[in-house]
Each structure stands twice: as structure tokens, then as C-alpha cells.
Amino acid sequence: MSTHAAARVAAPTRREQILREAARLFAERGFHGVGVDEIGAAVGISGPGLYRHFPGKDAMLAELLVGISERLLEGGRLRVSEDAARGDGSPEALLDALIEGHIDFALDDRPLITLHDRELDRLRDTDRKRVRRLQREYVEVWVGVVRALYPALAENEARVTVHAVFGLLNSTPHLARPESRPDARPGRAATAALLHRLARGAFAAAAAEPA
């Protein structure tokens, strides 16, 4: 079993349960619209009991946003190192792996995308700078792989395209509206496949010669 599969199978710890419910509630009602008691109730413990795990809501928000930035960067680097260790990898397969990993995040952790968009400025300056640094490093992992596959693509153009693809993939919180019928939306596998095609199409278009 791969490292990623094992991580998905493992039962979440109480701390992870708290963070997952905090992310969901913050995304639904905003950071200031959620109390500690509500987060506690969502995981079956008293509000004051949360303080055994976190000093407060600010710490939860910081761990959520710093944590996902760290996991994305670690996942990207791991895919690059695994490809290098095989010795017979290709830039195309590696780019596919990066896209698949980011799509997993975009589909499975939608509340974190909403939180980043709405609440990043609430972090302490040191935490916000750390998130930005981790994100820049994650972008550069992609830029290296994209330029290995499309060597004619200038570095700045590759970087712009990576940011554009992230914007495309991170649009997932807007895909499901409360008023839409579940049977009117594509399933997870179909959505993932479509997002993958769109991402690859964006990179191919960026590398194409202008008409």
C-alpha cells in the first residue's frame, strides 16, 4: 500500500476530527460565526474540552492553513522523489501525478480552499508568511516538472500557467450549489477526470506556438 493510501485508511485522531469539523464550520459560517462550543459539539466533546487540544480558534485556523500548505508541498516533493527513484519515469507521468494529487485535495478538502480565500488574513503575520512561503515552494515544484515536459516554455510563463491551473482546480467549492440536484452533478471520478483534462489542456495550450 502506498504512503498516500495508508494515510487515507488510518482512522483520524481526535485532533484531526476537531480540525476537520472546524474547517467545515468555518467555511460554512465564517470564522467569527462559529463558537468553540459548536466545534466541540460536532465532535462529541465539550467546548472547554477543546482546550486540551488547541489554545483557541486562532490556533485551529493556523494549523488548518499552514498544515494543508505543508501537506501539498510534501506530497509534491514526494512524487518528484519517487519518480526520480524509479529511474524510468517521464515528465509527463510526473505532471499527471502532481495533477492527480492536487485534484484529490481540491475534491476532498473543499472547506480548506474556502478558508484560505476568506480567512488567510486573520492569521498572525508569521503564520501568514509561512503559508505564502510554502505555497511559493509548491509552485516551484510544479514549474520544474512543467519545464521538463515543455522545455520551450519560459520560466515565467510556466509559473503563470501553474498559478492559472491552481485557480482552475481550486474552483471546486463552486461546483456544488445547495439548490442543485445531486443527480444533476457529475460524480467524483468524472469530475476528477474532467479537471485533469482541463489542467493538461491548459499546460499544452501555454506551450503551443502562437498562431
Side-chain angles (χ1 to χ4, degrees), residues 1-8 64-117 120-121 123 126-175 186 188-211:
M1 180 181 294
S2 71
T3 302
H4 305 297
R8 287 196 296 270
L64 284 165
L65 294 182
V66 173
I68 190 55
S69 298
E70 289 175 338
R71 292 197 298 277
L72 285 171
L73 177 58
E74 289 167 4
R77 286 174 170 169
L78 178 61
R79 288 175 174 85
V80 171
S81 64
E82 287 175 343
D83 181 79
R86 283 193 296 270
D88 59 351
S90 71
E92 184 170 14
L94 181 52
L95 181 58
D96 282 336
L98 287 176
I99 293 171
E100 289 166 6
H102 198 98
I103 287 173
D104 283 342
F105 155 68
L107 291 176
D108 298 337
D109 293 296
R110 300 184 197 194
L112 293 179
I113 297 173
T114 301
L115 273 188
H116 179 275
D117 290 345
L120 181 63
D121 288 343
L123 294 183
T126 52
D127 288 328
R128 187 169 59 254
K129 287 180 178 178
R130 185 178 178 190
V131 168
R132 293 300 192 194
R133 176 180 58 79
L134 291 165
Q135 290 174 338
R136 287 194 297 272
E137 292 178 13
Y138 182 53
V139 168
E140 294 311 307
V141 170
W142 281 64
V143 168
V145 175
V146 169
R147 295 199 70 218
L149 180 58
Y150 301 110
L153 190 62
E155 182 176 324
N156 64 326
E157 293 178 336
R159 191 170 293 111
V160 168
T161 309
V162 168
H163 279 288
V165 167
F166 286 174
L168 184 157
L169 300 180
N170 291 348
S171 68
T172 51
H174 306 290
L175 297 182
R188 189 191 189 284
T191 301
L194 175 59
L195 290 172
H196 197 122
R197 292 197 302 274
L198 291 170
R200 284 301 305 268
F203 287 121
E209 287 291 335

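Only heavy atoms go into these numbers, but all of them, side chains included; no hydrogens, no water, no symmetry mates.
Arg188 and Asp104 are joined by a salt bridge, as a carboxylate oxygen and a charged side-chain nitrogen come within less than 4.0 angstrom of each other. Checked for salt-bridge contact, Glu100 and Arg79 miss the test: no charged N lies under 4.0 Å from a carboxylate O.
Two residues are said to be in side-chain contact when any heavy atoms from C-beta on lie closer than 4.5 Å; Leu169 and Val165 meet this criterion. Residues Leu195 and Thr191 are in side-chain contact: their nearest non-hydrogen atoms beyond the backbone lie under 4.5 Å apart. Using a 4.5 Å heavy-atom threshold, the side chains of Glu82 and Leu94 count as separate. The closest side-chain heavy-atom distance from Val162 to Phe203 is below 4.5 Å. Residues His174 and Arg110 form no side-chain contact, since every pair of their non-hydrogen atoms from C-beta on lies 4.5 Å or further apart.
Annotation for Ala106 and Thr172: closest pair O-OG1, 2.5 Å, computed over non-hydrogen atoms. Nearest approach of Leu153 to Ala206, heavy atoms of both residues: CD1-O, 3.3 Å. The two residues Arg128 and Leu120 make their nearest non-hydrogen contact at CD-O, 3.8 Å. Residue Leu112 comes nearest to Leu65 through the heavy atom pair O-CD2, 4.2 Å, listed as atom of the first residue, atom of the second, then distance.
Put simply, CG on Asn170 and CZ on Phe105 are 5.5 Å apart, with the number rounded to the nearest 0.5 Å. Taken from OG in Ser90 to CG in Asp83, the straight-line distance is 7.0 Å, to the nearest 0.5 Å.
Applying the ring-ring contact (aromatic ring centres under 6.0 Å, His included) criterion to Phe166, with sequence neighbours excluded, gives His102, Tyr138, Trp142.
Sorted by first and then second residue, the pairs that involve residues 69-78 and meet side chain to side chain donor-acceptor pair (under 3.5 Å), not counting sequence neighbours, are Glu70-Arg130, Arg77-Glu137.
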* Asked: Run the side chain to side chain contact (heavy atoms under 4.5 Å, CB included) check on Ile99 and Ile103 step by step: do they pass?
  -> CA-CA 6 Å; Ile99 293 171; Ile103 287 173; 3.6 Å; yes

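Side chain to side chain, His116 and Gln135 meet the donor-acceptor criterion of an N or O pair below 3.5 Å.
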